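Bear in mind the structure is a predicted one, so any value in this text is a computation, not a measurement.
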Amino acid sequence: MGAEGRRGAGVWGRAEVRVRELGPELVGFATAGVCAYAVDLGIFVWLRGSAGMDPISAKALSFVAGCSVAFLGNALGTYRRRTFRASRLRQCGVFFAVNVAGALVQLLCIAVSHYALGLTSPRADTISGAGVGMALATVLRFWGTRTLAFGTRPSQGPADDRPVGARPVEPVN
């Protein structure tokens, strides 16, 4: 095999290592997210049903509860071993801002689908908000949570505790 083949294997090898390193983080993030979603949905249904609250107030309260669960899950679980550059209070504020941005992405997807494209059925709204919007918002939330809310100081801590992007790059032979 020539130099081209070896270089290609190195790129794929590094990608595989990066995916393997991100795996536990993705699982932790997803676990916190599923728990947060369950709390959000459960509280929303309860507030709308037996509590008789209006939908906007119910959603606002359930959103705050869900975000709180997601923050605690990520702070005490997924990112607990990181050395942080910000206080927990600042992390919490940034985390909530990232989650509000994710909610706005979902609303934007519904608005574009419903008003700009004229897809006005309940099914179209569900697909654009809970399908496309949720997928895009999840990518934004993962990046924002990892980078902005729970970003680390690259120069501190042992190499294994640093995020993948902060580890020194080793040359490929």
Hey, mind stepping through Leu26 and Phe142 against side-chain contact (heavy atoms from CB on, under 4.5 Å) and telling me if it holds?
CA-CA 8 Å; Leu26 287 168; Phe142 180 72; 3.5 Å; yes
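- Expressed to the nearest 0.5 Å, how far CD of Gln91 lies from CG of Asn74 amounts to 10.5 Å.
- In this structure, the separation between CD on Gln106 and OG on Ser128 is 10.0 Å, given to the nearest 0.5 Å.
- Interatomic distance, OH of Tyr115 versus OG1 of Thr120, reported as 9.5 Å (0.5 Å rounding).
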Please report the C-alpha distance between Arg146 and Arg82 in whole Å, then the side-chain angles of each, then the deciding distance to 0.1 Å, and finally whether the side-chain contact (heavy atoms from CB on, under 4.5 Å) criterion is met.
CA-CA 10 Å; Arg146 172 175 217 276; Arg82 288 195 172 185; 3.9 Å; yes
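- Asp125 approaches Leu119 most closely through the heavy-atom pair OD1-O, 3.8 Å.
- Pairing each heavy atom of Arg88 with each of Ala75, the nearest pair is NH1-CB, 3.4 Å.
- With hydrophobic clusters built from ILVMFWY side chains whose heavy atoms lie under 4.5 angstrom apart, Phe29 shares a cluster with Leu22.
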Kindly indicate, with the supporting measurements, whether the criterion side-chain hydrogen bond (donor to acceptor under 3.5 Å, both in side chains) is fulfilled by Tyr79 and Glu25.
CA-CA 8 Å; Tyr79 300 105; Glu25 187 175 342; 2.9 Å; yes
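- Looking at Arg90, its side chain never comes within 3.5 Å of a backbone N or O of Ala149 through a donor-acceptor pair.
- In this structure, Leu47 shares a hydrophobic cluster with Val39, Ile43, Trp46, Met53, Leu61, Val69, the cluster being traced through Ile, Leu, Val, Met, Phe, Trp and Tyr side chains under 4.5 angstrom apart.
- In plain terms, the two heavy atoms of Leu140 and Val105 that are nearest each other are CD2-CG2, 3.9 Å.
- Leu104 and Phe96 fall into different hydrophobic clusters, defined by Ile, Leu, Val, Met, Phe, Trp and Tyr side-chain heavy atoms under 4.5 Å apart, directly or through other members.
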Would you sort out whether Thr31 and Val34 count as a side-chain contact (heavy atoms from CB on, under 4.5 Å), showing the intermediate values?
CA-CA 5 Å; Thr31 302; Val34 166; 5.9 Å; no
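- Side chains of Leu148 and Phe95 form no contact here, defined as non-hydrogen atoms less than 4.5 Å apart.
- Using a distance-only test at 3.5 Å, with no hydrogens or angles considered, no donor-acceptor pair links the side chain of Ser113 to the main chain of Cys109.
- Taking all atoms of both residues into account, the shortest heavy-atom contact from Phe63 to Ala103 is CE1-CB, 4.1 Å.
- Closest approach of Asn99 and Cys67 over heavy atoms only: CB-SG, 3.5 Å.
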Could you go through Asp40 and Lys59, starting from their C-alpha distance and side-chain angles, then the distance that decides it, and tell me whether this counts as side-chain contact (heavy atoms from CB on, under 4.5 Å)?
CA-CA 8 Å; Asp40 186 337; Lys59 186 60 192 169; 2.7 Å; yes
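- Connection of Val100 to Leu107 is established within a shared hydrophobic cluster, with ILVMFWY side chains joined at heavy-atom distances below 4.5 Å, either directly or through further cluster members.
- Distance alone, capped at 3.5 Å, places no donor-acceptor pair between the Ser57 side chain and the Asp54 backbone.
- Among all heavy-atom pairs drawn from Ala36 and Ala70, the shortest one is CB-CB, 3.6 Å.
- Taking the centre of each ring, Phe71 and Phe150 come in below the 6.0 Å mark.
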